[in-house]
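The block underneath contains the structure these notes are about, expressed in structure tokens.
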Amino acid sequence: MAHVWRMIVQRLGLGLLTLFVVSVIIFGATELLPGDFAQAVLGQAATPEAVAAIRRELDLDQPVLVRYTNWLFGVLQGDFGTSLAQRGRPVSDMILSRLGNTFFLAIYAAAMAVPLALTLGILVALWRNSLFDRVANSTALSAISFPEFFVAYILIFVLAQGGYFPSMARMPASADLGEKLYRAFLPALTLTLVVTAHMMRMTRAAIINLLSSPYIEMARLKGMRPSRVIVHHALPNAIAPIANVVALNLAYLITGVVVVEVVFVYPGLGQLMVDSVSRRDIPVVQAIALIFAAAYVLLNLAADVISTLSNPRLMHRK
Amino acid sequence: MKNASRSRGITRRGLLKSAGSVTAAGLILPASYRKAMAEPRRGGTFRIGFGHGATSDTLNPALWDQAFVQVMGNSLHNYLTVIGPDGELEPELAESWEASSDAATWTFKLREGVTYHDGRDVVAEDVVASLNHHRGEDSGSAAAPIVEAITDIATDGDHVVIITLEAGDADFPFILSDYHLPILPAEDGRINFQNGIGCGPYMLESFEPGVECLMTRNPDYWKSDHAWFDRVELYAILDSAARQNALITGEVDVIDRPDLNTIHMLERAGANIISVSGTQHYTFAMDSRADPFTDNNVRLALKYGVNRQQLVDTVLSGFGVVGNDHPIGRSNRFHADDLEQREFDPDRARYHLEQAGLDSLTVDLSAADAAFSGAVDAAVLFSESAAEAGITINPVREPSDGYWSNVWMVKPFSAVYWGGRPTEDWMFSTAFAAGAAWNDGFWENDRFEELLRAARSELDEDLRREMYFEMQQIVRDEGSIVIPMFSDYVMATADNVMTPDQIGANTTLDGVRATERWWFA
């Protein structure tokens, strides 16, 4: 068990390094974009005097290196700075409610998608090449092949204009969990349709791969039922690839859903990120980029830990 | 001014034609719309879905730009003056005003007994601080250029403000209705905008930039016959399909900027379309300092080379009128109605090219949808029509991101959006006066400057009209901007949203005063 802990600590250290590199890249990339916050926020109304005044006020006239170092020192002390756009409002305060919304939607979608994908994956592996396999596969593949916004519009057309669910997934502060689940149902369903196919097909492939191994053949020859062969003998050995694909999709649900947020007017992090990039609000962009990067790092780490734990050869090394 | 509404059974074009023929005074509405004239009544939660709104929106009036924050500002705050639905200036916090004979010193008498949401009185010191917020080196305010002319603001007691200008300006009270200039409570000579406290019809409950702004009615609002809703909720819904869906599924009561290509589907779903023709116009600015635009003949050739009606029909889907190469809208007081309309005329364009000593002309036209929605299409159409006159226009698609900093007033020929201004002087001073910050044609004309100065301080209305007519003609014939179209303000409302019979044309959503002027059936 000790080597698992060592791996976790090691990977977390590497993760921190990754976050540092990400922050440098993001800072550099936003620097390369034409224009800065003062020009972006004033837009057509920008005059040289007003731009200069805003730059002075927000220290945007300092050299890049100075600004980055200031930001980094702040972060090391747990201070993500204040938003340029919402002067005086801490970035953490701006991001917190959005982060909550993003996690809510990601968990909601995952709670529907992961069990659905795994169940379907196991069933199609069990009944491979049957009619059920083909229908499930082609349905899932068409859902993933359509662009997200198209799936979303179809759902709005059928379920929102039909009067069953709201087309706008705004989250009133007063809403209780039941209402939140109701209001966010359509975006969660859209995301479910988008991510299910990937996980389902990976589960199917991983299991089918194992079905040709000698120990499965042995189990069959002993006269075991096919369902028992798959669930008790094949599935435990397929956990590693499945955990990886699930982690990848969960990370996507957190970081990649801006289109769904826009279509359903859902106030999540993606929209905030896009807005902040277009306004060059660097402290907000940096903070969100770090959150997204951290999500990838942590989910990948979790997937690797699960793979290790599920593999006796790695757990009981000589 | 035209003010038209669409409803089933009446085509918009026919309606506009008949509205035009009955002339300016006529308000033509289909019978189904007459219920709008019913007595207003109180109550309800009024929800607006905007095609604007960003996480960088703030409560700081110096940085307000688009409709979301403008409506928020006009709901939370009052202004010294306000532009009425008919385009005339009305008193708001300023009860009355008078000018010195040279129109350079203005004395405003404030309304007494008006209070902020926290109970404090609105006094002259607040006005001073609210205007000073936009003045001076460090203001960083988008409104700095429009208050530049103010040299001094003084008070005389709690309810008199005296403003001195560097030169006479007969339209100065109009400036004070600008959406950047609300009156906020002052503390030690500075306004505090962070808590959203104002003296307007609604009080701030919560504001999440780029998402929503929730407000409740101000029970002590001094206008008893305005502000009918109990609650107002503003939502940023940037995706136009999402916005239309929100209206159809009853999530909001009004949307601005509906997608003009699919507007018939909205109507079929039972929405009312309101379309108001105002001062908003789309232009192509030529840098008159850069070859070949230094030659007025080249500029004229381009002005004759654009098919205006085609642009209105396709880019605006008919929701607009053709422009006459000057920035004064038909709803403005001194619009030159009898100035001949410039038409698409390839032969005239060719003639002007010859006058410029050219056989052919090749120019790049920069456009992006940041300039106005459909700008790239408009540039392509311009290029097609100009080709008939032997002019080659290469439409260049620029990135929308950073368009106003890196393309507009940088590239010599670019597509531009103008919201327009309620007065002639304001519009001309902003975008045509020599050396003005937003003179995007980099254009100078001595006669025009002379008239601009003279008309600004002239208090005789007939003389001013004459001068503004001549200025429109000068800009049309010598100016450096192609102004092919004026775009309507288009909104869609749910069935039960009632509006007064006249809707403000100075900007969208009834002069961004819909929360104060509209009500539920």
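Protein chains get the first letters and strands the later ones, always in sequence-line order, with residue 1 at the start of each.
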Option in B/Gly210, B/Gly250, B/Ala370, B/Ala242 with maximal non-hydrogen atom pairs under 4.5 Å from chain A: B/Ala242
Which of the residues B/Gly49, B/Ala62, B/Ala142 is involved in the greatest number of heavy-atom pairs with chain A at under 4.5 angstrom? B/Ala142
Heavy-atom contact with chain A under 4.5 Å, split by part of [X]:
| X | answer |
| --- | --- |
| B/Ala143 | neither |
| B/Pro145 | side chain |
| B/Ala54 | both |

Would you say CG of A/Leu32 has more than 12 non-hydrogen atoms from neighbouring residues, nucleotides or ligands within 6.0 angstrom? yes
Can you check whether chain A and chain B share any donor-acceptor pairs under 3.5 Å, and give the atom names and distances if they do?
from: B/Thr55; atom 1: N; to: A/Asp275; atom 2: OD2; distance (Å): 2.6
from: B/Thr55; atom 1: O; to: A/Gln86; atom 2: NE2; distance (Å): 2.7
from: B/Thr55; atom 1: OG1; to: A/Asp275; atom 2: OD2; distance (Å): 3.0
from: B/Ser56; atom 1: OG; to: A/Arg279; atom 2: NH1; distance (Å): 2.8
from: B/Asp57; atom 1: O; to: A/Gln86; atom 2: NE2; distance (Å): 2.5
from: B/Asp138; atom 1: OD1; to: A/Arg56; atom 2: NE; distance (Å): 3.4
from: B/Asp138; atom 1: OD1; to: A/Arg56; atom 2: NH2; distance (Å): 2.7
from: B/Tyr235; atom 1: OH; to: A/Arg170; atom 2: NH1; distance (Å): 3.0
from: B/Asp239; atom 1: OD1; to: A/Tyr153; atom 2: OH; distance (Å): 3.4
from: B/Asp239; atom 1: OD2; to: A/Tyr153; atom 2: OH; distance (Å): 2.7
from: B/Asn245; atom 1: OD1; to: A/Gln161; atom 2: NE2; distance (Å): 2.6
from: B/Thr249; atom 1: OG1; to: A/Ser167; atom 2: OG; distance (Å): 3.1
from: B/Glu251; atom 1: OE1; to: A/Arg183; atom 2: NH2; distance (Å): 2.9
from: B/Asp401; atom 1: OD2; to: A/Arg280; atom 2: NH1; distance (Å): 3.3
from: B/Asp401; atom 1: OD2; to: A/Arg280; atom 2: NH2; distance (Å): 3.0
from: B/Tyr417; atom 1: O; to: A/Gln44; atom 2: NE2; distance (Å): 2.6
from: B/Trp438; atom 1: NE1; to: A/Gln44; atom 2: O; distance (Å): 3.3

Under a 4.5 Å heavy-atom cutoff, which of A/Val51, A/Val274, A/Val263 has the most pairs with chain B? A/Val263
